Every structure is written in C-alpha cells, then in structure tokens.
Protein chains: 2
Amino acid sequence: MSDNPLIIFTPSGRRGNVPKGTTVLDAARQLGVDLDSVCGGRGICSRCQITPGVGEFPKHGLTVREDALSEWNAVEERYDQKRGLPKGRRLGCQAQVLEDIVVDVPPESQVHKQVVRKAADARVVRMDPATRLYYVEVEEPDMHDPSGDAERVRAALSNDWGVNDAVIPLPVLSRLQTTLRKGQWALTVAVFQDAETSQPTIIDMWPGLLEDSLLGLAIDLGSTTIAAHLCDLSTGEVIGSAGVMNPQIRFGEDLMSRVSYAMMNPGGDAEMTKAVREALATLAQDLSNDANIDPRRIVEMTVVCNPVMHHLLIGIDPVELGQAPFALATSEALRLTVRDLDITTVNSEARVYILPCIAGHVGADAAAVALSEAPFNSEDRVLIVDVGTNAEILLGDGERVLACSSPTGPAFEGAQISSGQRAAPGAIERIEIDPITKNPRYRVIGSELWSDDPEFALATAASGITGICGSGIIEAIAEMRMAGLIDASGLIGGPDQTGTERSIPDGRTFAYVIHDGREDGGPLITVTQGDIRAIQLAKSALYAGARLLMDEMETDTVDRVVLAGAFGAHISPKHAMVLGMIPDCEIDRVTSAGNAAGTGARIALCDRTERGRIEADVRRITKIETAIEPRFQEHFVAANAIPHATDPFPHLPELPAASFNAGGGEGRTRRRRRG
Amino acid sequence: MSDNPLIIFTPSGRRGNVPKGTTVLDAARQLGVDLDSVCGGRGICSRCQITPGVGEFPKHGLTVREDALSEWNAVEERYDQKRGLPKGRRLGCQAQVLEDIVVDVPPESQVHKQVVRKAADARVVRMDPATRLYYVEVEEPDMHDPSGDAERVRAALSNDWGVNDAVIPLPVLSRLQTTLRKGQWALTVAVFQDAETSQPTIIDMWPGLLEDSLLGLAIDLGSTTIAAHLCDLSTGEVIGSAGVMNPQIRFGEDLMSRVSYAMMNPGGDAEMTKAVREALATLAQDLSNDANIDPRRIVEMTVVCNPVMHHLLIGIDPVELGQAPFALATSEALRLTVRDLDITTVNSEARVYILPCIAGHVGADAAAVALSEAPFNSEDRVLIVDVGTNAEILLGDGERVLACSSPTGPAFEGAQISSGQRAAPGAIERIEIDPITKNPRYRVIGSELWSDDPEFALATAASGITGICGSGIIEAIAEMRMAGLIDASGLIGGPDQTGTERSIPDGRTFAYVIHDGREDGGPLITVTQGDIRAIQLAKSALYAGARLLMDEMETDTVDRVVLAGAFGAHISPKHAMVLGMIPDCEIDRVTSAGNAAGTGARIALCDRTERGRIEADVRRITKIETAIEPRFQEHFVAANAIPHATDPFPHLPELPAASFNAGGGEGRTRRRRRG
C-alpha cells in the first residue's frame, strides 16, 4: 500500500503517482488525460465515466485489486438510480485512487474525441468545438461585498474552469438574474472561444445542469444548391442533413448573371442577400424540426461558398468581382453572429464562421476543400479539382500549394447541352457504347438497371428517360471517342464513316442518337456536335488550369487526382481521363472526395484549431489568376483535342490518325473562329 | 553647421539631435513629442502646424538662424492658398530641420491637448479620445497578388499608423469598396480603440481626407432629467448641451415607484427601457440639429446614471434592485454600441461606454463623481455628497475611498413639501428671515431681485410666486432656526413663543407664513411642521450616511465638503451646515462641484485612459450598505435635531435651551414612534 499509488490511463498510456484519495478526474487533470466533465466534478453530469481495470496487467507489470478504487458511493448510487450508469462504469469525479490501478477512458468520455470519417484515406477529425458548456455554482449576492451577478458568474467560470474575463452580451445579460435564481445559483453556460487566446463570450445560459449537448450547422452555400449538416458539437455526429435550391437562381442561373443583376438593378444585391439569408434560416428551421431539437441549442454555424456567394451572404455588392482586377471586399475569415445575417431560427447569439477566400475567383469553398484534403500535408503531388460552374483547382506537394479557378462554364452540369439536364430521376448518368455495334446501353438516375435489362422499361416507367446529366455527357463523349464515333478533333463522323445509322445529320454536322423515345411521346436524346464543342471548351479550361499550376510547380506529372464536389463524386475517372479533363495519372489514383467543401465546413465546425490552421494555410497558398496568364490560353487551345487512347486503356481500338473531316484540322480552326 | 542639428520643442522641453533634413513631424515622433497629424505627413490635414523660433534663446544657449528650417515649400504654399496658414506657422511634415532650432507646438497641434475646466480647483482633462481619425492611402488591388480591399486598408493602417489588426464591422465593410474607389484609394477611417491593448475597430470611413472632427455625447441620465453635452473629440470643447425630462416619470416619480411599476406590470421594464432610449435618441438628434452637424460624426457616447436607470437603459428588469440584497445584474463598466440601445440618430456604429456601478445603491453616477472629483488623489479628507432622491456619499483621503448611498427621499427636491415644487420660475430659492422682526425676504427663480425690492412685483409678474424649491426649503428652515422660530427638535413655535403673527395654527401644530398671495388669487406659501419633519428625515439620512463613512474611516472630522449635483450647485453651504445636513467643517471649505456626474461623463468621453482608471478605482472603493449597518439607524436618530448654532456662526443668537414644547424631547419621541 503506497501513499502515492500509480494510476495508468488507457488508451492514452499516461501514468503517474497521485496522493492516495485523489479522484480519478483530478488524477486525469493532473496527468493531462483527456477526461470530460461539464459539472466540474460534482457528480451530476456523468461525462467523466471511466472503466476501472481489475486483475493482471502484464504489459504494465501490475496486479490491480478489486478495492484499488474507493467504494461505490452515494453520489454514484443516486446517479445510477436516476439515469443509469453502464455496468462496470464509475464516475471519475467520485472514485478515489487508493492503490495502483489501470483506468480506461472510453471514447465518449473524452473531450477531444476523434471522429472517423467514412472515406478510408480521410484524416481523422478531432473534436475541439469553439463553444462548450460549463456548469457553475455561483456565489449568492452579499450586501457586505456588493458585486454584480454577472461578475460572480465570471468569477465562478474563472475559478472552476480557468475561463477568464468572459464577455456577456446584453441579451444574455438581461436573462442572467432570472436564470440564476431559477437554477438556485447553479447554471450551465455556453462559452464561445474560438481560439485559446481570444476573449471568451457567454452566448447562452440555462438554469442548473443542461443535459443536452450543443449543436452546430455546417453549410455549403453553392450557386445552385445549399446543403446543411446539423452536427452534435460534443460527438461530431451528423444528426441531420438537408439541401435546398439556392433561391438566388431566380436572379440569374450562374454567378456572372447574378453579378450582372446586381449591376443592372439598384438594390439587386440586397434582394439576393435577403433571399439567401432567408434560405439559410429556413434550412436551419427545417433541420431543427426534423431532428426535433430546440433551435436554441444550435450555437454555431460555419459557411463555405464561392466569392460571389460570400459577398452576397454578408451583404456586399459583388460588382467588383465581375470585372478585373476581381477585388474582394475582404478575403480573410469572418467571425460574425447570426444577427449580422438576420438569421433568427437558431440561438440568437449563435456565432458564424465563414472560411477565408483564397482570391477573387477562388473562394471559401476552395479553402474548405484545402481544409478537408490537406494538400499542405500531402506526401505526394496531388491535384484537387472541385468541378462546378467554375472549377477550383489546387495543386500541392506537402510543401507548396497552388490554387486557381478556371471558367469551365455550366456544360459539366448538363447546361448548354442539347439534351442536357440537371442530375435528377430520368437523367442518363452512365453510358457504354459497344465498339463493334456502335450501340449504346445506359442507366438513368433512379434505377440500378442498364437499358438492355428486360426490366428496364418497367423500372424507369415513372421517371421516363428525359435527358443526360453532367456525368452522363462526359461518359457519352468519352465512349463515342473510344467507339470510333468521333475523331481526335471532336468531330462526329457521319454514318458512312462510323458505320451506324445512329449517326444522323444535324444541320451541317452530325449527331449521335442515344435514345429515341419519340414513338412514346418521349424525347430524342442525342449528342450533337455543339454538345461536344461545349464539353471541349469546359474540359479544356479545366485541363488548362491544372497545367498552369503544374507549370508553376515545374512539373509535367501528378501522383494522384482528387475529384471533389457532387459532380466529382459521380464522374467516372476513366472517362474523365479519356476526355482529357485531367492530366494523366494511374487510374486507381484518381479518387473522389465527395463533397469536400462541405466536409471542410464540418471540420471547421468541430475543431476550432482548424480555423486558425486554414487561415494560415490560405495565406501560404500561391494564387494564380488564369485570366492574366498568357500560358492559360496556350494550354486551353492545346487541350481542345480528345487525346488518342493509349495506356492506360490498351483495350481501346486504335483510331484512324486521319480526321473524319477532309480538311484535317478543321475542327480546331472552327474552334478558333468561335473562340 | 552640424549633420545632426539639435531640435528643442516647446512647451514640452523635449530635445534631441536628428539627421539634417528630418521633418519636424518626424523629429517630434522620434523624440516622443505630442504633435498631431491625421494625414500622416502628406501635407493635407495641417494638424501638425508648428511655430519655429528665430533669434536668441539664452535659456537654451542657442541662436537660431532664419534658415534653420528648410524653405517654405510648394505643399505649404498650396495649403496656404487653399485654406490659409496663420502667420509664422509652418507645416511640421514639410519643414525640415537644417540647423539647431527651437520649435513651439501650439496647443491646437497637440493630440493630447489639455482642456482646462472652468472651476478653479478642478483638475485638467487631457484629450485622449477612444476614437481617432486616420488618413490612409491604400494599395490598389493586384491580380498577381490577390488580397481583399479590407486587408489592404488594414495593412495601410498598420504600416502608416501602427494600428494593427483592425476589425471592420459588416455594415462598414459593405461600404468599403465604393468608399475606396470614390476616394481614389485614399480614405479617412475612424478607429475606435478604448485601451492601448484592445483590438481596434474601424467604425466609419470617408473618401479622401475628412476635414471635420469627430464628436461625442456625454450623458447624465438622471431619474428626473436627462442632460447631454455634445463634445468635440479633438478639442474637448462642448459645442452644445441640452436637457429633457426623463420620460419614465410617467411610470413613477421616483426610482422605487419605477421598480414597483416593473414588478407589477409584465413588460413594464421594457416600456421604461423603450421610453428612455427614445429620449436619448431624440436628445442626440436635437443636439445635432441645433449644432447643424452631420449626426454621423457622433461616434461615441458615455453614460452615467444610478443603478435603476442603468439597468432600465440596458434592458434589464430592475426588480432585484428593489429588494435586499440589492443585487446588480452587472456592476462593471459596459462597452456597447448604439445598436444595442436602439439609438439610430447618431453614427450607426457609435460606441457607448457606461461607467461602472459601485454597488446596488451607488451607481455609475457616483462613479462619475469619483472620476470628476478624484477622492483617491485628494490631499486632505474630503466628503463628496451628490444630493438627489438618493444621496450618494463618498469619503476619501487620497488613500482610501468609502462610498454609500443614503435614502434621503425627494424632500430635498421640493417633493413632499406642502408648498414644495421643482426648481422652475416662480419658485422661492433664497430666503432670509430677520431675527428681530421675524419677517422674511426672498428671491424666486427667474429674477435677481429680493422681495423687498420695489421692482420685485413687476419682475415676478410673469411667473408669480408659486412655491418653494429644494434649496429654498433648506434655507427657509435654517433661517427659521436662526431666527428662533423653531427649536432644536424642529418644533415650530406658536405666535406666543415666536412673537410673530406669521406663526399660524396648522392643525395641532403651527406653520410659518413666507408669502400670502391669496388676495391676488395666488398661493399661501408656508413652512409646516410636516415640511420640517420631512426635511429632518432627509437631512438625518444624509448626515447619518456621512457619519457612517467617517466611522469606517475612524475619524470625526472632514477637511472639506464637496456638494455635487444640480441641487448641490444651488444649496447655500451655511444653511446646509446650520441644518445639520453635512458634518461641520470650515465654511469656505464647502464647495459646489456643479454637475460632477456630468463632468465625469465628459472626462470619460475625452480621455479613454480615465475609463480604465475609474474602473480600477471603483474596485478599490469600500462599499458600505446603509440598510444593514445598525450604526446608520443610531446616527439617523441622533441627527434628527437641528443643532445649536455655535461656531462657525458666532453671529447667531443663542437659542433657548428649552424646547417650545412643554415635554422637552417630545419631538424626538414622536419621530421615534413614526420611524
């Protein structure tokens, strides 16, 4: 029996001797072990649950006796009867260390628990939210030593939790006296402090102990859609997700048309600001309703978006973003409150963090992708592409990160494509073309069946076959190239050249018929020469942007490619590479990061230290402005062709070197004229 | 001729050698001389004007040549032609030091100029406002090195002025891009930073150079009246003052009736909050209109008030202040914006500073008196009394300061006095009673004439003689005592005892007739026994509070007494002492500080360093709660008598030791029963 028994914590492995009688919670604090507590060791919050080990621990050379901890006490008994303690668990604030012991801290008792993301190669997110709950018991007022109730709350926070000089905003202050008295001088305060060194702010308070956890919203504000995830700020769990169309669409389909709307209509920017703020408020309300939670628990919000959305959200006329030199009003991260954004459907003091913008064309969404995909930490040379109306492109090798934006236009989203449509049921999303018969088979969104399946017609009866979405058009053109239906310049061959009646005349050029539903009153779905030109323009812009960054890094190759964004999640790497959208690399090293921008928003929501990190990273990123780099035009023109299929696709038939067009380079010549 | 000529600045006396060709402004900065500049040495603001000395300076052992400074240059010429430079003046940013020289910095060129207050013994106020103007020229945006316009403004502020990491609130940010372009990349920003170490905030911006100075409002928010002073934040000059009745009066005459209103009426506190905020907004607007200034120039506001007014202003239900233990919601100084207070008639980002409260009964108004009268710096033992519905009392000796509040009630303001009225034209404010004839003569507000002047009737015809105000009733009772009309217990003698028919029966006691206007349809103005009892209660409370503090300081005497407040400004020290309102001290050491609370508000407005100082001082003040000190009751009872006139009034007739009342101590006995 020692006066200073040894305590070993697992899984951290931290160990040390503590005076006999020390509580496990105090021992954890002394040894820097991450053991949660909201009530500060009063035995009421149960966040400090631990599992004592008993028996042999050969690894530690220890035999732990049954009575190494003090006996189960009245506080634990009361808690167990009231709310139940899992078998084998003790309250760390009650159990005292009497002899050498091994104590396990289960994940749910850790403050900085790690949240494992779904994707296998994704890095782990550590929980360190900017807003935390603290339970305090406050001294009652004393006429002999008069001080304000607020000052005594501050003193308790400082003494019990080391949270010093907390600011109390007026609306919170106005509820303080009644809350304190209702809680009989005990209350739970939500303290926002988004960096160790920043001044803490009490953004809400509840009488007594608040049992619920705080929540936050991670918002990916796109030009077309707005997605929001409701996250538990204690566990990191996503407890609800929702998306709506961006209501600004009624002012303009794409970014530049919205900027034009603001330029042409006095007060137009304010209209768009109001629309998007209302959409965010409604989204928050819907998520609260669906999850059946008190909206007051939503105390934080992080937002990622492109620069135009960014300015319109915060109420700045985006006119400067529509013309050179594309000056942002502000590029740094913004720390706001929901009041600043007129959002009233969450806690009225909720804080908003908007990630920094990288440049006038490379927004907080690109910063969020960088936060999620961490190119500054990459061990190889990674090209990250977030494809949308604009493509944001990042190239990093662990030392340097370069960024640019490339004006791909909306073709990748199915817009400006003759049979194009948004990704919705009925849209063709996958296509294969038989290189011998030149006949296609395809799948539409809403069914897993291919079109040559006997059940296909039945399965798609409800939606019909309505058009081609963005990923479908990519596959269609790549498959047409692989099936010898188009040449390297992108020209569609006529039936004489392709040997199929699916090549049909379309004005002075040809089109390829994928589906003819006209007999049943449906559409004729074709890929036209114009469609191919539109995709060529888009993919050339994307490729040229990537090449520009590679030039800047003085390299001709990348080790891997990450496709981010919803479109990136659906695109087929093989077809993207056939089309020449992205530089060559081993095909199994082309991965999809899903909604990396949204993930970045979630990371910033869950871990405040990542905010400072991405702000520092963004300052380190080398920004390339494609609009003023002459080499961008060169790369753009050079990237127009749809390259010869060589490795890594040895199964592809060798295509005729000659063009379908007698004049050889006619396709390119026309491109030039139109460009 | 030296390569490093000597420059001597007057009046500071700072001196040093600087490289030949250094501008006077740069030399001043290097030597720590207080020389103003808004434009940062660009020759456009003219704030750095100096007067070069020429000739013999025996004190410095120097002969200064005519060409000790560089020649008058084109920038000075342009400025002189455009706006005019006073004869003999140079622009410090243009004139270069070529040889040894003496340079005088006139007061208006000093940033931290000293403002001399009117009262002879008042300390000097140093200008160091929390909000200052800075002129910056900002780099234009560059696509090769993209950064936000805000970041470049911040960089210019940092590089040119050492103002780092300025925050730009969203409403200011939304105007930034247009302002910058309108000013062709030059702008004047107003930066709020109320302590050296606090983060600066850009609260407004104007294109180019703003010629006007910034303004602030010092507000003394009383229960009855609200006074505001509009001050120039550069010179400290008061450019306008205005006062209005506190509209909360319709909810209750005194503080406790307003607290009751809040307790009895749900939402009553919010009604009163709205009323007082609207009054402040209107007051600000009226001051702007009268001074014909752009309200946007009003960028700061300081407020002093008692705790109930304090809580109602910031939107906190004052219910806790109406009952023991009189817990303030918050006692520390508050830093708010006008938006927090719904005040829209000044700059929308204007900052509000509310001084700290000392205790539940001793408010920010008492703190402001302490700021103005500086008892912590007093070389002798000073008693400071701010008389109102409550009297705030401070006792300080340079080392310790004690404070309490004493519930004097409204008698001193003329309320609860039979012929009492507010201080307004027609109210008797001064009285003398002839000790032989027992007849009074008096003056009323609105005329300088005494009532025995032949012109008096004509001069007061407009107002009439309507009642007695607070200072009048003090004088009346003290004079009655000195004329032998009342005894030491306060009992009014009947005509048999006093020998005058002006002693008239009034129920079971007597009253003394000061004025009988009934023949002309005017009032009968008397001092009744009830009036004397009311004043005795009030003055006993005041005296007991002062004694309590003296006990705590273990002293029986004070060296001087300062009477603060509007009432204090009108009260006659002699009569106050006869009445026993204040402890004895030499009569010429009883002074009036005028509206010391309002002065404190002005000091806090003009000099940000005083904010930190008063906050620290308030924490050091020893607070005494009269309600729980048993000795307060003892002192209160003992102070009931109207003391025998002795020194320092040897001219007073010795009054009969016996009481007018047969029973001797009956007056006191009755007091006890009623207490």
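Values below: all heavy atoms of this structure, side chains included; hydrogens, waters and symmetry mates excluded. If you're wondering where the values come from, they're calculated on a predicted model, not measured in any experiment. Just so it is clear: chains get the letters A, B, ... in the order the sequence lines come, proteins before strands, and each one is counted from 1.
In terms of non-hydrogen atom pairs under 4.5 Å with chain A, the most contact-rich of A329(B), S174(B), A359(B), P171(B) is A329(B). Annotation: maximal heavy-atom pairing with chain B below 4.5 Å, among D340(A), T622(A), V167(A), I314(A), occurs at I314(A).
The shortest non-hydrogen separation linking M143(A) to P325(B) is CG-O, 3.4 Å.
Using a 4.5 Å cut-off between heavy atoms, L170(A) touches chain B through its side chain atoms alone. Only the side chain of R154(A) comes within less than 4.5 Å of a heavy atom in chain B; its backbone stays farther off. H144(B) touches chain A through backbone and side chain together, each having a heavy atom under 4.5 Å away. The contact between L336(B) and chain A is made entirely by side chain atoms (from C-beta outward), counting heavy-atom distances below 4.5 Å. Looking at R181(A), only its side chain comes within 4.5 Å of chain B, counting heavy atoms on both sides. Neither the backbone nor the side chain of D269(B) comes within contact range of chain A; no heavy atoms are under 4.5 Å apart. Only the side chain of L176(B) comes within less than 4.5 Å of a heavy atom of chain A; its backbone N, CA, C and O stay farther away. In this structure, the portion of I628(A) lying under 4.5 Å from any heavy atom of chain B is its side chain and not its backbone.
One finds the OG1 atom of T330(B) at 10.0 Å from the CZ atom of R152(A) (value rounded to the nearest 0.5 Å). The distance from the CD atom of E625(A) to the CG atom of D145(B) is 12.0 Å, given to the nearest 0.5 Å. For the atom pair K623(A) NZ and S147(B) OG, the distance stands at 8.5 Å (nearest 0.5 Å).
Counting only distance, with no hydrogens or angles, the side chain of E151(A) and the backbone of S331(B) share a donor-acceptor pair below 3.5 Å. Between the side chain of Q177(A) and the backbone N or O of V319(B) there is no donor-acceptor pair closer than 3.5 Å.
Counting non-hydrogen atoms of neighbouring residues, nucleotides and ligands closer than 6.0 angstrom, the CD atom of E139(B) reaches no more than 12 such neighbours. In Q184(B), the CD atom is not crowded: 12 or fewer heavy atoms of neighbouring residues, nucleotides or ligands sit closer than 6.0 Å. The number of heavy atoms from other shown groups lying within 6.0 Å of CD (E615(A)) is above 12.
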